[in-house]
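For reference, the structure is listed below as structure tokens.
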Amino acid sequence: MNAADLARPLGLALAMLGAVYAFQSRPFRVYPSLEPYDNVALPADYQEKTEWIFGRLMFPQHPEARFGRYARGYGRVLDWREGGTSWTQDYPRGDRHFAQILRRLTRIHVRSVEQPINLEWEDDVYNYPFLFAGEMGDWLLTKEHAAKLRDFLDRGGFLMMDDFWGTEEWERFMESWRMVFPDKPIVEIDPEDEVLHTVYDITEQYQIPGQWGLRRGTTYRNDGSVPHFRALYDDKGRAVVVITFNHDVGDSWEWADDPRYPERYSALGFRIGINTVIYSMTH
């Protein structure tokens with residue numbers, strides 16, 4: 001797809017998103033991260049009004065979560081609504097690196113910082129057509145959260161989910177997902193599906209490891225040695241959920257500026273992210 005072909009459908013999509021932006025009222029806030037850093041500087045233009053914002057889905061943590069031991073601080077259980085639990089993995093560094101790349105490599109007017117989204121905030125989620133969530137083997141939705149998320153997707157919203165590994169984490173993920181869409185299957189993405197070819201032709205689908213894996217000399221954890229690109233499709237055949245299972249796309253964004261993290265993983269991670277965003281806006 002050349003620049004002219006890309007610009008035409010994006011024009012309408014961006015105009016619609018610009019109208020949506022006018023109704024966004026939840027102020028930007030930075031939450032404590034689960035990552036071993038809390039010193040990510042705010043970009044100078046973080047308050048810029050833009051046409052697209054990276055929505056980061058907040059969620060309650062499963063009691064058997066991989067990072068459950070980090071959900072306690074000074075003898076008390078941390079409140080997921082205040083950060084510091086599994087939903088903040090790769091946040092905010094990965095989110096901001098991806099926003100920067102999306103601004104640089106497309107014509108989308110992207111805000112330079114993310115927006116955390118709590119499904120309990122009345123209708124706030126409907127202001128952000130694209131949501132991203134990581135550590136999906138760690139979430140535990142309530143029935144109310146699941147109903148709100150399904151309604152968001154039924155209304156045309158889009159969700160990308162990442163960074164969970166192996167049978168055990170998939171089953172923990174499905175505990176909540178069965179409440180969201182008990183009647184729609186999650187399937188492997190066909191290699192010819194447009195989501196893999198919207199901007200970049202993603203024909204080589206090798207596994208994207210987390211930085212943690214490289215330190216251990218492996219590309220996966222648990223029994224998650226086989227990478228998967230999966231999706232949930234609506235009744236019209238449009239993917240409304242894209243899932244990178246047995247991958248750590250968030251780390252490929254987060255550590256893209258670290259020379260110790262191989263460029264080939266970040267390159268694929270950014271291509272997957274860009275394709276997914278453009279697909280969500282044009283389909």
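All values derive from a computational prediction rather than experimental measurement. Excluded from the calculations below are hydrogen atoms, water molecules and symmetry mates; all remaining heavy atoms, backbone and side chain alike, are included.
Geometrically, Arg56 does not engage Phe54 in a cation-pi contact defined by less than 6.0 Å to the ring centre and at most 45° from the axis. Geometrically, Arg230 engages Trp170 in a cation-pi contact defined by less than 6.0 Å to the ring centre and at most 45° from the axis.
Ring planes of Tyr31 and Trp87: perpendicular class, angle over 60° (limits at 30 and 60°).
The distance from atom CG of Asp248 to atom CH2 of Trp255, rounded to the nearest 0.5 Å, is 11.0 Å. Taken to the nearest 0.5 Å, the NE2 atom of His228 stands 11.5 Å off from the CD1 atom of Ile243. Atom CZ in Phe98 sits 5.0 Å away from atom CG in Leu102 (nearest 0.5 Å). Distance check, rounded to the nearest 0.5 Å: CG of Asp124 to CZ of Arg26 gives 5.5 Å. Rounded to the nearest 0.5 Å, atoms CD (Gln211) and OH (Tyr265) are 13.0 Å apart. Here Phe245 contributes atom CZ and Trp165 contributes atom CH2; the two are 9.0 Å apart, rounded to the nearest 0.5 Å.
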Side-chain donor-acceptor pairs of residues 199-206 under 3.5 Å, sequence neighbours excluded:
from, atom 1, to, atom 2, distance (Å)
Asp201, OD1, His197, ND1, 2.8
Tyr206, OH, Arg264, O, 2.7

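Lys184 and Asp234 are not joined by a salt bridge, as no carboxylate oxygen comes within less than 4.0 angstrom of a charged side-chain nitrogen. Using a cut-off of 4.0 Å between Lys/Arg side-chain N and Asp/Glu carboxylate O, Arg178 and Glu171 are scored as salt-bridged. Ion pair Lys148/Glu144 not flagged as a salt bridge, since none of the NZ, NE, NH1 or NH2 atoms sits closer than 4.0 Å to an Asp/Glu carboxylate oxygen. Between Asp258 and Arg93 there is no salt bridge, since no side-chain N of the basic residue sits under 4.0 Å from a carboxylate O of the acidic one. The pair Arg238-Glu194 does not count as a salt bridge, with every side-chain nitrogen at least 4.0 angstrom from each carboxylate oxygen.
Side-chain contact of Asp123 with Trp121: a donor-acceptor pair under 3.5 Å is absent, judged by distance alone. For the residue pair Asn275 / Thr198, no side-chain donor-acceptor distance below 3.5 Å is found, with atom types taken as modelled. For Glu254 and His97, the side-chain atoms include no donor-acceptor pair closer than 3.5 Å. If you check the side chains of Tyr261 and Asp251, you find no donor sitting under 3.5 Å from an acceptor. Checked by atom type, the side-chain pair Tyr279/Asp193 shows no donor-acceptor distance below 3.5 Å. Side chains of Arg96 and Gln100: a donor-acceptor N/O pair is absent below 3.5 angstrom, by distance only. A donor atom on one side chain and an acceptor atom on the other are found under 3.5 Å apart for Thr219 and Gln207.
Contact annotation: the side chain of Pro43 approaches that of Val113 to within less than 4.5 Å [non-hydrogen atoms, C-beta and beyond]. For the pair Leu42/Phe28, a side-chain contact is recorded, criterion being any heavy-atom separation below 4.5 Å from C-beta on. Inter-residue side-chain proximity for Glu169 and Met136 is flagged as unmet; no heavy-atom pair is nearer than 4.5 Å. Taking the side chain as every heavy atom from C-beta outward, Asp95 and Phe132 never approach each other to under 4.5 Å. The closest side-chain heavy-atom distance from Thr244 to Phe229 is below 4.5 Å. Using a 4.5 Å cut-off on side-chain heavy atoms (C-beta onward), Ser86 and Phe59 make contact. By the 4.5 Å heavy-atom criterion applied to side chains, Asp163 and Gln89 are counted as neighbours. Leu232 places a side-chain heavy atom less than 4.5 Å from the side chain of Val240.
For the pair Phe173 and Ile186, the tightest heavy-atom approach, listed with the atom from each and the gap, is CE2-CD1, 4.0 Å. Here the shortest heavy-atom pairing between Ser266 and Ala256 reads OG-CA, 3.4 Å. Between Arg103 and Arg111, the shortest heavy-atom distance links the atoms NH1-C, 4.2 Å. Contact record, Thr282 with Ile278: OG1-O, 2.7 Å, taken as the closest heavy-atom pair. Listed here is the closest heavy atom pair of Tyr91 and Glu35: O-CG, 4.3 Å. Nearest heavy-atom pair, Ser280 versus Val277, reported as atom, atom and distance to 0.1 Å: OG-O, 2.6 Å.
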*Please step through side-chain contact (heavy atoms from CB on, under 4.5 Å) for the pair Trp253 and Ile101, ending with a clear verdict.*
CA-CA 9 Å; Trp253 302 342; Ile101 287 294; over 6 Å; no
Report task. Apply the test salt bridge (charged side-chain N to carboxylate O under 4.0 Å, His left out) to residues Arg29 and Glu82: give CA-CA distance (whole Å), side-chain angles for both, the deciding distance (0.1 Å), then the verdict. Result -> CA-CA 10 Å; Arg29 176 187 169 187; Glu82 294 300 320; 2.5 Å; yes
Discussion item. Run the side-chain contact (heavy atoms from CB on, under 4.5 Å) test on Asn222 and Thr167 for me, step by step, so that the C-alpha distance in whole Å, both residues' side-chain angles and the decisive distance to 0.1 Å come before the verdict.
Written reply: CA-CA 8 Å; Asn222 306 331; Thr167 306; over 6 Å; no
Determine, step by step, whether Phe152 and Leu131 satisfy the side-chain contact (heavy atoms from CB on, under 4.5 Å) criterion, reporting the C-alpha distance in whole Å, the side-chain angles of both residues, the deciding distance to 0.1 Å, and the verdict.
-> CA-CA 10 Å; Phe152 165 79; Leu131 294 182; 3.7 Å; yes
I'd like to know whether Leu34 forms a side-chain contact (heavy atoms from CB on, under 4.5 Å) with Glu135, so could you lay out the CA-CA distance, the side-chain angles of the two residues, the decisive distance to 0.1 Å, and finally the verdict.
CA-CA 11 Å; Leu34 184 64; Glu135 286 294 339; 5.8 Å; no
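Proximity of a side-chain donor or acceptor of Asp162 to a complementary backbone N or O of Val249 within less than 3.5 Å is detected. Of the possible donor and acceptor atoms, one in the side chain of Asn246 sits under 3.5 Å from a partner among the backbone N and O of Val226.
Residue-environment remark: CD (Glu122) stays at or below the threshold of 12 foreign heavy atoms within 6.0 Å.
Using a 4.5 Å cut-off between side-chain heavy atoms of Ile, Leu, Val, Met, Phe, Trp and Tyr, with links allowed through other members, Ile208 and Trp212 fall into different hydrophobic clusters. Tracing side-chain contacts under 4.5 Å through hydrophobic residues (I, L, V, M, F, W, Y), one never reaches Leu140 starting from Met161; they form parts of separate clusters. The cluster map of Ile, Leu, Val, Met, Phe, Trp and Tyr, joined by side-chain heavy atoms under 4.5 Å apart, puts Tyr220 and Phe164 in different clusters.
Residues meeting the side chain to side chain contact (heavy atoms under 4.5 Å, CB included) test with Asp183, sequence neighbours left out: Arg150, Phe181.
Ring-centre distance between Phe130 and Trp52: below the 6.0 Å cut-off.
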